[in-house]
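Report on the following structure.
Quantities reported herein were computed from a predicted structural model and do not represent experimental measurements.
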Amino acid sequence: MPTPSANMLFGMGNPLLDISAVVDKDFLDKFGLKPNDQILAEDKHKALFAEIVKRNKVEYHAGGSTQNSVKIAQWMLQKPHKVATFFGCIGKDNFGEILKKKAEEAHVDAHYYEQNEEPTGTCAACITGDNRSLVANLAAANCYKKEKHLDLDSNWELVEKAKVYYIAGFFLTVSPESILKVAKHASENNKIFCMNLSAPFISQFFKEPLMKVMPYVDILFGNETEAATFAKELGFETDDIAVIAHKTQNLPKENIKRQRLVVFTQGKDDTVATVGDKVTMFPVLDIDQNDIVDTNGAGDAFVGGFLSALVQEQSLEECIRAGHYAANVIIRRVGCTFPEKPDFD
C-alpha cells in the first residue's frame, strides 16, 4: 500500500469561515431565520455576521464543502502533514487570517488567492438546542480567478504534484474554467479526478458547466436527492438510484483507461456504488438516533474518508468503509469537527 506524500491530494473550492454560536429565538426572529435551515445570505442578514461574533463562546472552523473534505482526509491519514493542497479565494481581513490559521492547524496546505474587493466568505451556524440555522455569505469565495492564481507557475506545480483531485460541484458557480483545466490535466495524465453533485440546484441551474466537466470525471459523488435531480435533468426517466448510478457511469468519458465510478450516499440507507458493470449496496454503520447531533457535514466527511483510502490506492470497499467511518464520527458532533485522532484501522 503506497504511503501518502505531501500534496498528493488536490482540492479547490469555496473557503468559508464557519462561525458557530448558541443564540436564542429572538436572534432567529430578528433575522427571519428558521431553527433548522440552510440559506444564502441576503442584504437583511449583513448585520447578523457582525452580531454573532459578539456572542459568548463563538467557535471558528475552516469550512466550505471541499475544504471540509480535504481536511477530513488529512485527519484520517494523520501523517505526513500537508497530504492535501487546497485552493480558493479569501479576503485580506481578520476572518481571512483566522481561516489561514485554521487550515494550518488542520495540516492542510492551503494556498489562497487573496483579494481586497470582497471580504472572506463566512457561514454563520446559529444554534438553538439541537437545531442549527446556516446562513452562508460566499463573498470572496466567489472571486476566484484562474489567471490570477491557478495559472501561476508556483501554483500549477502543486496541481501537477497531485495524483487525486477533488472539487465539489459548488465551485461550478464560481470558476468552471479552473475546474476544466484541472480535470483535463488529470485525464491526460491518467490521474483520478473526483467531483460531487453537491446540491440539487447545481444540476438544475449549472447543468451546462457540469456536463462540460463530466467527461473528465473518474469518480462522482452525490446523495440520493442530488442523484434524483441529476437524473431528471438528464432525462433518465427513472427514480431507481441503482439505475441512475449505472446510467451516470455510462455517460461519455475522455480517459477510457479508467471506468467511471459513481457513489451515491443515502443517509442511513445503504450507499450505492458502481462496481465494474454492476451496482452494489454498502450498508452504513449503525448509530443510535439519540447519538446524532448534526448531519450537516456527513456528505463532506464521507468524501474525506473515501479520499484518504483512495490516495493509498485501497479497494473500493475500503474507500467506502473509510467514508462511512468518517461520516459516523462527524454526525455525533456539531459542525464538521472531529476528535484529535481517528479510531479506524
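With hydrogens and angles ignored, the 3.5 Å screen pairs no side-chain donor or acceptor of Ser133 with any backbone N or O of Leu33. A donor-acceptor contact shorter than 3.5 Å links the side chain of Thr238 to the backbone of Asp240. Looking at His45, its side chain does come within 3.5 Å of a backbone N or O of Glu42 through a donor-acceptor pair. Checked by atom type and distance alone, the side chain of Gln67 never pairs as donor or acceptor with a backbone atom of Ala62 at under 3.5 Å. Between the side chain of Lys191 and the main chain of His185, no donor-acceptor pair closer than 3.5 Å is present. Proximity of a side-chain donor or acceptor of Gln74 to a complementary backbone N or O of Lys82 within less than 3.5 Å is detected. With hydrogens and angles ignored, the 3.5 Å screen pairs no side-chain donor or acceptor of Ser175 with any backbone N or O of Phe171.
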- Query: ring pair (Phe, Tyr, Trp, His ring centres under 6.0 Å) between Phe193 and Tyr216: does it pass, once the steps are laid out?
  - Reply: CA-CA 7 Å; Phe193 182 80; Tyr216 305 100; 8.0 Å; no
- Please walk me through it: do His149 and Phe87 pass ring pair (Phe, Tyr, Trp, His ring centres under 6.0 Å)? CA-CA 9 Å; His149 194 261; Phe87 286 5; 4.8 Å; yes
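Pro15 approaches Tyr112 most closely through the heavy-atom pair CB-CE2, 3.8 Å. Residues Val174 and Ala141 approach most closely at CG1-O, 3.4 Å, considering heavy atoms. In terms of heavy-atom proximity, Ala327 sits nearest to Ala298 at CB-O, 3.7 Å. Smallest separation of non-hydrogen atoms from Phe282 and Ala273: CE1-CB, 3.8 Å. Summarising the geometry of Ser203 relative to Glu233, their closest heavy-atom pair is O-CG, 3.4 Å, with the distance given to 0.1 Å. In this structure, Cys126 and Phe27 approach most closely via the heavy-atom pair SG-CE2, 3.8 Å.
Using modelled atom types and a 3.5 Å distance limit, the side chains of Asn255 and Asp218 yield no donor-acceptor pair. Side-chain atoms of Asn190 and Arg258 form a donor-acceptor pair, as typed in the model, at a separation below 3.5 Å. Glu97 and Asn94 share no side-chain donor-acceptor pair at under 3.5 Å. Using a 3.5 Å distance cut-off with no hydrogens or angles, the side chains of Glu105 and His107 do not pair a donor with an acceptor. No donor-acceptor contact under 3.5 angstrom links the side chains of Asp109 and Thr85, judged on distance only. Defined by atom type and a distance below 3.5 Å, a donor-acceptor pair is present between the side-chain atoms of Gln259 and Asp277.
Under the 4.5 Å side-chain heavy-atom criterion for Ile, Leu, Val, Met, Phe, Trp and Tyr, Leu16 and Val58 are members of distinct hydrophobic clusters. Placement of Leu307 and Val159 in two distinct hydrophobic clusters is found when ILVMFWY residues are connected by side-chain heavy-atom separations under 4.5 Å, directly or transitively.
When side chains are defined from C-beta on, Met12 does not count as touching Tyr165, because their heavy atoms never get closer than 4.5 Å. At a threshold of 4.5 Å between non-hydrogen side-chain atoms, the residues Gln266 and Val272 count as touching.
Here the straight-line distance linking atom CZ of Phe306 with atom CD of Gln314 works out to 10.5 Å at 0.5 Å rounding. Atoms OG1 and CG, on Thr120 and Asp93 in that order, are 3.5 Å from each other to the nearest 0.5 Å.
Relative to the six-membered ring of Trp156, Lys181 meets both conditions, a distance below 6.0 Å and an angle of at most 45° to the axis.
Using cut-offs of 30° and 60° on the angle between ring planes, the pair Phe302 and Phe221 is perpendicular. In this pair, Tyr144 and Tyr113 present their aromatic rings perpendicular. The plane angle is above 60°, beyond the 30 to 60° band.
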